[in-house]
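Right, one structure below, let's go through it.
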There are 2 protein chains.
Amino acid sequence: MGTSLKDIAETLNLSKTTVSWVLSGRADEKGISAATQQRVSRCAQRLNYRPNLLARSLNTGESGMIGLILPSISDSFYSQVAREVEMEVEEHGYSLMICSSESEPERENRMIRLFRAKQVDGLIIAPTVRSGEEIRRLVDESFPFVVFDRRFPKLDTHCVLIDNERSSYALVRRLTEDGFRRIAVITTNPHLETMDARRAGYGRALADSGIAFDESLYGEVEFAGYERNLPGVLDRIFARDEGVDGFFFTTHILALEAFRYFHDRGVDINDGYGLACIHEVPFMSVLAPGMHVARMPVGRIGRESVRMLLEDMRRRKSAGEVPPAETVELECELCFRG
Amino acid sequence: MGTSLKDIAETLNLSKTTVSWVLSGRADEKGISAATQQRVSRCAQRLNYRPNLLARSLNTGESGMIGLILPSISDSFYSQVAREVEMEVEEHGYSLMICSSESEPERENRMIRLFRAKQVDGLIIAPTVRSGEEIRRLVDESFPFVVFDRRFPKLDTHCVLIDNERSSYALVRRLTEDGFRRIAVITTNPHLETMDARRAGYGRALADSGIAFDESLYGEVEFAGYERNLPGVLDRIFARDEGVDGFFFTTHILALEAFRYFHDRGVDINDGYGLACIHEVPFMSVLAPGMHVARMPVGRIGRESVRMLLEDMRRRKSAGEVPPAETVELECELCFRG
DNA sequence: CTGAAAGCGCTTACAG
DNA sequence: CTGAAAGCGCTTACAG
C-alpha cells in the first residue's frame, strides 16, 4: 500500500529505529543529529508517509480509541451526548468509535465484543436493559468502562446519572401547585432503575400534595414500538378517567409521541392540561409552550463520563490499581413555564 | 492481556498454525483431525480466547471497518442515514466507525486522515463544504469512498444524491397551484450544488407559473449559527415585502427554526401561509400540518451508499480494476398536505 | 494431518 | 549518534 517506515529507512540508508525515533518526535531525546532529522522528515513528507496506527497499537498495547455504545443513535438525547463525548475525548488525544445497540441486548453484547477485539482502550455505554453477559465480563475482567443514563444496582461500575427522583418530584410538585389534581404518569421500561426513580418522584410529589395515587392514571408503554403502543395507553386513561387534567412524561420520546396523539385527535393539549417532562428537545417549547421540563445536562453527562473513564485508565496505568467504582449524580435544570 | 493463539498452542503442544486454522474455521479445508479441532475449540473456550483484530488486520491488510463521516451527528437526517448505513454494513460483515466533522473542513481532513491511519477499508462521507485536500487525496490515491448528499463537480467520485431540482420544483409548483404567489425561498450554503439545485427548482417553478422572481423574497441564511441568523433574514423579508404568503425551505433545519420564529412572534404559520420543505422530520406534521414536504429516502441513501462502496471494493479486489465513478440520483417521496 | 518460518508495520530495550 | 534484533498477535505460503 502506502509508504512504510522501512521504505524511508531504505531510501535514506538508515535503520528503521532511527526513522521511528524521528517520526515519533523522540529524536532529540535520543540524540539524533539535526541533519538526520531533517533528512528523515523531508523524505517522509516527500513519500507522503502516514503511520499505520494498527501496527503501532499492536506494539504499544494502546489503541487510543474509546468506544461509545448507544441504545439509539438517532435519539436526540443520545446523539447530543455523543457529540459531547466525541469532543471531550478528542481533547485528550483519543478518538471515538460510536455504534448503536438498537436497544437489543444481543447487539449490545456483539458491539462490546467487537470493540474489545478492536482493542479500544475504554468503553462508555448507555446500556440497553439489564446487565448482559458482556457487561458482566467487563466488570469481572476489570476492563475500564463507564455507564451513563442507566445503572446496574448489582454491578460495581463507574456511573453517570441524573437526579431522576428529585427532578421528577419537582416537576410534578409544580403541576399540583398549578392546581392540577388528576395527573397521569406516562412511562416505559419500568424495570430500569432510572425510570423507576422518575415514577417514584411522581408518587412522592402526589403524596406530599395530599393526592392519592390512582392506578387508572398510570400509563405504562411497552418500549419496543412505543410509537404504536402509546395511543392505546392514552385511550385507556381517557376511557377510565374523564377527569385527567395533567400529564407527567418520564421521557421526551413519550411526550413527543403524545403530542402527535393529541394532534391527531384534534385536542389542544396546551389548553387546560398541566404538562411536565423529563428532558427537553429542541422544539418542545414550540409544540407545548406551557410544559415544564427538566433539562438533562447533556454536556456534563458527556464530559463527566469521559473524565471518569480517562481518570480510571490513568490510575490503572500509573498506580497499577483498579480504582473503586464512582457514581456521579448530576442535577437537571428545571424550567417552569408560564 | 488476554489469551493469545500462542497460549493455546503452548497449552496443547500444537503449532500456532494449527490453532489458527481451526479458530478461523478453515480446519476442514486444511484437513485438521476432528480430535485436534475439538481440543483447540475447547481450550479456546476455556481460556476465553478472543482474537486480536488489530493483529489480524495487520496481516490481511483488511480491517473490516468502514468509516462514516457526517457534518453533524445530531442532525436527524444524518443520524437516520447513519443508522441505515450501520445496519447495511453489518449485514455484509463489516463494522462501522462513525464520526462527525462538525461542518469544519479542517476537522473533516483530520477525520479522514485518522480513519485511513486506522486502516479502514472504505469511507462514506457527507462532505462539509468544498473538496478539502484529504478528499482530493482520496481521489488521487484511488481510495474507495462514496460521497452522499453533496457532490463535487470537479471530482470524479461515487455519489448518492436526491433529485433536488425536481423535488423543489414540484413542491413550489404545488404552492402556486394552491394559489400562493409571493413565495419566499429560505436557503443556506448556496455554494453547495445541492442547495443551488433546490433554489433552481424554486426558480423554475415560479417561472412556469408565470411568476417573476423577486429578489426581496430570497432569504439566504449564513449556515454557521443559522439559529441566530434566521430571524434577521425573516425580519428583512417581512419588512421589505408585506405580501409574502408562502415559504419554501430548502432544508428541514431552516423550517424548524422558522417555526420557532413564528411561534415567538405569536404568528400562526399554519393559517394563511403556503409552506413547503425539503426533508421531513418526525414532528413536522404536528408543528405544521399543512406543509408540503419532499421526504428524503434516508433508507435508500444509506443502503445505496454502502452498496456502491462495497461493490467498488469488491471489483478492485477481484478484477484489480478501479471502477468508474458512479452517480445515483434517488427520488424523494412528495407528500402534499391538506 | 501438522509445523517451522517469514511477514504485516510498527516500537523499544540493548549494544556499540 | 546510530543499528541489529526481538516482539506485538496474528496469517499464510511452503514443506514434510
Side-chain angles (χ1 to χ4, degrees), chain A residues 1-41 43-44 47-65 114 116-121, chain B residues 1-41 43-44 47-65 113-114 116-121 317:
Chain A
M1 327 249 135
T3 319
S4 72
L5 268 193
K6 197 172 141 204
D7 298 327
I8 299 179
E10 283 174 356
T11 312
L12 299 177
N13 270 316
L14 288 169
S15 74
K16 291 191 297 173
T17 309
T18 306
V19 177
S20 176
W21 290 134
V22 176
L23 263 23
S24 57
R26 305 177 58 188
D28 287 333
E29 171 190 338
K30 292 292 162 179
I32 312 263
S33 70
T36 305
Q37 292 193 34
Q38 278 266 342
R39 290 175 65 213
V40 171
S41 310
C43 183
L47 297 182
N48 190 23
Y49 172 73
R50 306 274 181 98
N52 181 327
L53 260 33
L54 297 192
R56 177 177 297 170
S57 298
L58 192 55
N59 248 278
T60 60
E62 286 173 16
S63 64
M65 311 246 312
L114 182 67
R116 294 194 67 183
K118 300 267 185 205
Q119 313 299 119
V120 298
D121 295 333
Chain B
M1 330 251 134
T3 320
S4 72
L5 268 193
K6 197 172 141 203
D7 297 327
I8 299 179
E10 284 173 356
T11 312
L12 299 177
N13 271 316
L14 287 170
S15 74
K16 291 191 297 173
T17 310
T18 306
V19 177
S20 176
W21 290 135
V22 175
L23 262 24
S24 57
R26 304 175 58 189
D28 287 332
E29 171 190 337
K30 294 290 163 178
I32 312 263
S33 71
T36 307
Q37 293 193 34
Q38 279 265 342
R39 290 175 65 214
V40 172
S41 312
C43 183
L47 297 183
N48 190 22
Y49 172 73
R50 306 274 181 101
N52 181 327
L53 261 33
L54 297 190
R56 178 178 296 170
S57 298
L58 192 56
N59 246 277
T60 59
E62 286 173 15
S63 65
M65 311 247 307
R113 275 197 297 272
L114 181 67
R116 294 194 65 183
K118 300 265 186 206
Q119 314 300 118
V120 298
D121 295 333
K317 243 197 324 200

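Keep in mind that what you see is a predicted model, and the values were worked out from it rather than measured. Below, chains carry the letters A, B, ... as their sequence lines are ordered, and counting in each starts from 1.
With hydrogens and angles disregarded, a donor-acceptor distance shorter than 3.5 Å links the side chain of Thr60(B) to the backbone of Arg56(B). Side chain of Lys118(B) to backbone of Ser63(B): no donor-acceptor contact under 3.5 angstrom is found.
We find that CD of Gln37(B) is positioned 9 Å from P of dT2(C), with the value rounded to whole Å. Atom-to-atom, CG of Asp28(B) to C1' of dC1(C) comes out at 12 Å; the value is rounded to the nearest Å. Distance CZ (Arg56(B)) to P (dC8(D)): 18 Å, rounded to an integer number of Å. Nucleotide dT2(D) holds its C1' atom 18 Å from the CD atom of Gln38(A), rounded to whole Å. Taking atom CG of residue Leu5(A) and atom P of nucleotide dC10(C), one finds them 4 Å apart after rounding to whole Å.
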Set out, line by line, the N/O atom pairs under 3.5 Å between protein and nucleotides 12-16 of chain D.
{"from": "dT12(D)", "atom 1": "OP2", "to": "Arg26(B)", "atom 2": "NH1", "distance (Å)": "2.9"}
{"from": "dT12(D)", "atom 1": "O4", "to": "Thr17(B)", "atom 2": "OG1", "distance (Å)": "3.3"}

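Of the candidates dG9(C), dG3(C), dC10(D), dG9(C) carries the atom nearest the Ala55(A) side chain, counting heavy atoms from C-beta on. Among dC10(C), dT11(D), dG9(D), the nucleotide with an atom closest to any side-chain atom of Asn52(A) is dC10(C). With distances taken from any side-chain atom of Ser4(B) to the nucleotides dC10(D), dT2(C), dT2(D), the minimum falls on dC10(D).
Contact annotation for Asn13(A): backbone-only contact, meaning every heavy-atom pair under 4.0 Å involves sugar-phosphate atoms and none involves a base. Contacts of Leu14(A) with the nucleic acid, taken as non-hydrogen atoms under 4.0 Å apart, involve only primed sugar atoms and P, OP1 or OP2.
Counting all heavy atoms, side chain and backbone alike, Cys43(B) lies closest to Leu12(B) at CB-CD1, 3.8 Å. Here the closest heavy-atom approach between residue Glu62(B) and residue Lys317(B) is recorded as OE2-NZ, 3.1 Å.
For the side-chain contact (heavy atoms from CB on, under 4.5 Å) test, no residue two or more places apart in sequence or in another chain qualifies with Asn59(B). The side-chain contact (heavy atoms from CB on, under 4.5 Å) search around Thr36(A) returns Leu14(A), Thr18(A), Ile32(A), Ser33(A), Val40(A), not counting sequence neighbours. Qualifying side-chain contact (heavy atoms from CB on, under 4.5 Å) partners for Asp28(B), counting only residues two or more places apart in sequence or in other chains: Gln37(B). Considering only residues two or more places apart in sequence or on other chains, Leu54(A) meets the side-chain contact (heavy atoms from CB on, under 4.5 Å) condition with Asn52(A), Leu54(B), Ser57(B), Gln119(B).
Remark: Thr18(A) is not in phosphate contact with dC1(D), judged by side-chain N or O atoms under 4.0 Å from OP1 or OP2. Ser15(B) has a side-chain polar atom (N or O) that falls below the 4.0 Å cut-off from OP1 or OP2 of dG3(C).
For the atom pair CG (Leu5(B)) and CD (Glu10(B)), the distance works out to 11.0 Å, reported to the nearest 0.5 Å.
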Intra- and interstrand pairs of DNA chain D - dot-bracket, Watson-Crick/G-U under 3.5 Å, | marks other strand
|||.||||||||.|||
